Visitor: 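What follows is a single structure, and I will ask about it in a moment.
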Amino acid sequence: MAISKKDFDYVSRLAHRESALVLEAGKEYLVVTRLGPLAQREGFASLAALIQQMRLETKINGLHHRAIDALTTNETLFFRDFHPFEALRRSILPELLAKRASARRLTIWSAAASTGQEPYSLAMLLLEHFPQLADWTVSILATDLSPTVLKVAQAGKYSQFEVNRGLPASYLIKYFTKQGDKWCVKDEVKSMVEFRPLNLIQTWPIMPPLDLVFIRNVMIYFDVETKKTILKKIRTCLLPHGYLFLGTAETTTNLDPQYQPVAHGKAVVYRVQQPEPSTPLAAS
Ligand SMILES: C[S@@+](CC[C@H](N)C(=O)[O-])C[C@H]1O[C@@H](n2cnc3c(N)ncnc32)[C@H](O)[C@@H]1O
């Protein structure tokens, strides 16, 4: 199946406007492999017929949203990249827990959470290593643009292949139960995570003050201006002691000078630079 230049241009404009996804020339195969099956499921004779129908609609509707959903890259795994989670366990969480001891509250946002492995990894790490949080208010908010991945995440059921990727065997035994050929996240873990739809380039709901923001392997698909806007918005929600986690191929450098990269072990995380406290005038 091929795609005409006109159809590809239409899809890439739509994807950019609705999700910020940048589809440059050369990514035609991606549109064909992701929208081809959608065309079939929707009963169109061809990909061209699906795109023709989308073009005919006067308003963005469910068909366009299902196409955007199908175009998203949802690759994820438990404890992805390992080092950020080690940094959390070894130094960042002990530091945050000391800072938050009087409020006894910890709020984490996993933005672009895909099928849930990232927020569930965070929840399991907290349960496993920080039992003192049992009487704290801990919230892990997990959001994504795609209703398809949110459904999988909410169900919390994973195949053998998925649990083999990144999840230590001891966690599998402790935090999952086997149902048929699926591994199901136990309620103890599930109840710590709240999943909600959120498109990062649309208006955000009022966010609570955040201790940790994970926004990994999503801005890599966006253009520079979109990355700048999102990083700036995150700054307004991040608590002064908070940390931002990006994917290993992502950075704030040349995008937002107010973030400062900080190495924690083999992980690089980001903090917002705080203004220097003003020096009190010497008493005369
Ligand atoms: C590659 S996954 C990353 C998952 C996880 N953060 C990780 O690093 O393993 C990227 C996710 O970003 C979501 N996404 C893409 N564009 C988005 C947007 N504009 N707003 C919110 N989520 C978006 C996709 O649906 C997809 O689930």
Side-chain angles (χ1 to χ4, degrees), residues 11-24 27 30-31 34-35 38 60 64-85 87-88 108-125 140-156 158 161-167 193-205 207 210 212-234 237 243-251 267-270:
V11 172
S12 53
R13 271 199 311 275
L14 175 78
H16 188 251
R17 199 179 59 230
E18 298 299 319
S19 75
L21 173 64
V22 176
L23 284 170
E24 283 159 345
K27 292 282 163 110
L30 199 139
V31 175
R34 294 185 180 179
L35 294 193
L38 177 71
I60 294 295
H64 302 91
H65 287 134
R66 289 194 290 284
I68 304 290
D69 185 346
L71 285 169
T72 57
T73 298
N74 309 123
E75 162 68 8
T76 188
L77 60 149
F78 289 102
F79 295 97
R80 185 172 192 171
D81 302 329
F82 179 74
H83 297 298
F85 294 93
L88 274 178
I108 304 176
W109 180 23
S110 166
S114 189
T115 40
Q117 283 89 333
E118 180 175 277
Y120 287 140
S121 298
L122 291 165
M124 287 186 280
L125 183 123
I140 303 175
L141 172 65
T143 61
D144 202 283
L145 153 100
S146 156
T148 306
V149 294
L150 281 174
K151 224 162 132 187
V152 175
Q154 258 153 347
Y158 298 97
F161 174 73
E162 288 166 319
V163 298
N164 282 350
R165 299 181 72 205
L167 189 69
V193 186
E194 184 195 344
F195 290 98
R196 275 197 238 152
L198 190 151
N199 185 340
L200 289 162
I201 62 158
Q202 290 176 354
T203 310
W204 296 3
M207 299 298 273
L210 298 161
L212 298 170
V213 175
F214 275 66
I215 179 161
R216 303 194 305 155
N217 306 300
V218 59
M219 286 198 285
I220 198 165
Y221 302 109
F222 298 168
D223 61 36
V224 167
E225 282 316 307
T226 309
K227 291 181 205 192
K228 284 184 178 172
T229 307
I230 293 173
L231 286 170
K232 187 172 173 193
K233 277 169 93 170
I234 292 173
C237 320
Y243 284 94
L244 170 73
F245 286 70
L246 300 176
T248 46
E250 296 164 323
T251 176
V268 175
V269 292
Y270 299 85

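Note that this is a predicted model, so its numbers are computed, not measured. Basis for what follows: all heavy atoms, side chains included, without hydrogens, waters or symmetry-related copies. In this chain, numbering begins with 1 at the start of the sequence shown. Just follow the structure's listing: the first ligand is 1, and inside any ligand the first atom is 1.
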Visitor: What is the closest protein heavy atom to atom 7 (C) of ligand 1, and at what distance does it sit?
Guide: R80 NH1, 3.3 Å

Visitor: For ligand 1 and L200, I'd like to know whether there is a polar contact (N/O to N/O, distance under 3.5 Å).
Guide: yes

Visitor: Can you report which non-hydrogen protein atom sits closest to atom 23 (C) of ligand 1, along with the distance?
Guide: L145 CB, 3.6 Å

Visitor: What class does the angle between the rings of F214 and F245 fall in, given that below 30° is parallel, 30 to 60° is tilted and above 60° is perpendicular?
Guide: parallel

Visitor: Check this for me, if you would: do E118 and R216 make a salt bridge, where the nitrogen-to-carboxylate-oxygen distance has to be below 4.0 angstrom?
Guide: yes

Visitor: Does F222 come within less than 4.0 angstrom of ligand 1, counting non-hydrogen atoms of the residue?
Guide: yes

Visitor: Please could you name the atoms of ligand 1 that S114 approaches to less than 4.0 Å, counting only its heavy atoms?
Guide: 4 (C), 27 (O)

Visitor: Only heavy atoms of E118, strictly under 4.0 Å: list the atoms of ligand 1 that pass.
Guide: 5 (C), 6 (N), 7 (C), 8 (O)

Visitor: With a 4.0 Å cut-off, would you call R196 and D144 a salt bridge?
Guide: no

Visitor: Do the side-chain N and O atoms of Q117 and T115 include a donor-acceptor pair separated by under 3.5 angstrom?
Guide: yes

Visitor: Which residue from S110, G166, S19 reaches closest to atom 19 (N) of ligand 1 through any of its heavy atoms?
Guide: S19

Visitor: Carefully, step by step, assess V22 and E24 under the rule side-chain contact (heavy atoms from CB on, under 4.5 Å).
Guide: CA-CA 6 Å; V22 176; E24 283 159 345; 3.9 Å; yes

Visitor: Among all protein non-hydrogen atoms, which one is nearest to atom 24 (C) of ligand 1, and what is the separation to 0.1 Å?
Guide: D144 OD1, 3.5 Å

Visitor: Apply the test side-chain contact (heavy atoms from CB on, under 4.5 Å) to residues R80 and N217: give CA-CA distance (whole Å), side-chain angles for both, the deciding distance (0.1 Å), then the verdict.
Guide: CA-CA 10 Å; R80 185 172 192 171; N217 306 300; 3.4 Å; yes

Visitor: What's the shortest distance from atom 5 (C) of ligand 1 to any protein heavy atom, and which residue and atom give it?
Guide: A112 O, 3.4 Å

Visitor: Which ligand 1 atoms does S146 reach within 4.0 Å, using its non-hydrogen atoms?
Guide: 25 (O)

Visitor: Could you grab the distance from atom CG of L145 to atom OG of S114, nearest 0.5 Å is fine?
Guide: 11.0 Å

Visitor: Side chains of L141 and I108: closer than 4.5 Å at any heavy-atom pair?
Guide: no

Visitor: What's the spacing between N199 CG and S146 OG if we round to 0.5 Å?
Guide: 11.0 Å

Visitor: Could you find the nearest protein heavy atom to atom 8 (O) of ligand 1 and give me its residue, atom name and distance?
Guide: N217 ND2, 2.7 Å

Visitor: State plainly whether the residues E18 and R13 are in salt-bridge range, i.e. N to O under 4.0 Å.
Guide: no

Visitor: Do any heavy atoms of L198 fall under 4.0 Å from ligand 1?
Guide: yes

Visitor: Specify the protein heavy atom at minimum distance from atom 9 (O) of ligand 1: its residue, its atom name, and the distance to 0.1 Å.
Guide: T76 OG1, 2.6 Å

Visitor: Is it true that T73 lies under 4.0 Å from ligand 1, counting heavy atoms only?
Guide: yes

Visitor: Does any part of the side chain of F79, heavy atoms only, come nearer than 4.5 Å to the side chain of L125, both counted from C-beta?
Guide: yes

Visitor: Could you check atom 15 (C) of ligand 1 against the protein and tell me its nearest heavy-atom contact, residue, atom and distance included?
Guide: V218 CG2, 3.7 Å

Visitor: Specify the protein heavy atom at minimum distance from atom 18 (C) of ligand 1: its residue, its atom name, and the distance to 0.1 Å.
Guide: N199 OD1, 3.6 Å

Visitor: Short list, please: which atoms of ligand 1 are under 4.0 Å from a heavy atom of R216?
Guide: 3 (C), 5 (C), 6 (N), 7 (C), 8 (O)

Visitor: Going by the order shown, which atoms of ligand 1 are within less than 4.0 Å of some heavy atom of N74?
Guide: 24 (C), 25 (O), 26 (C), 27 (O)

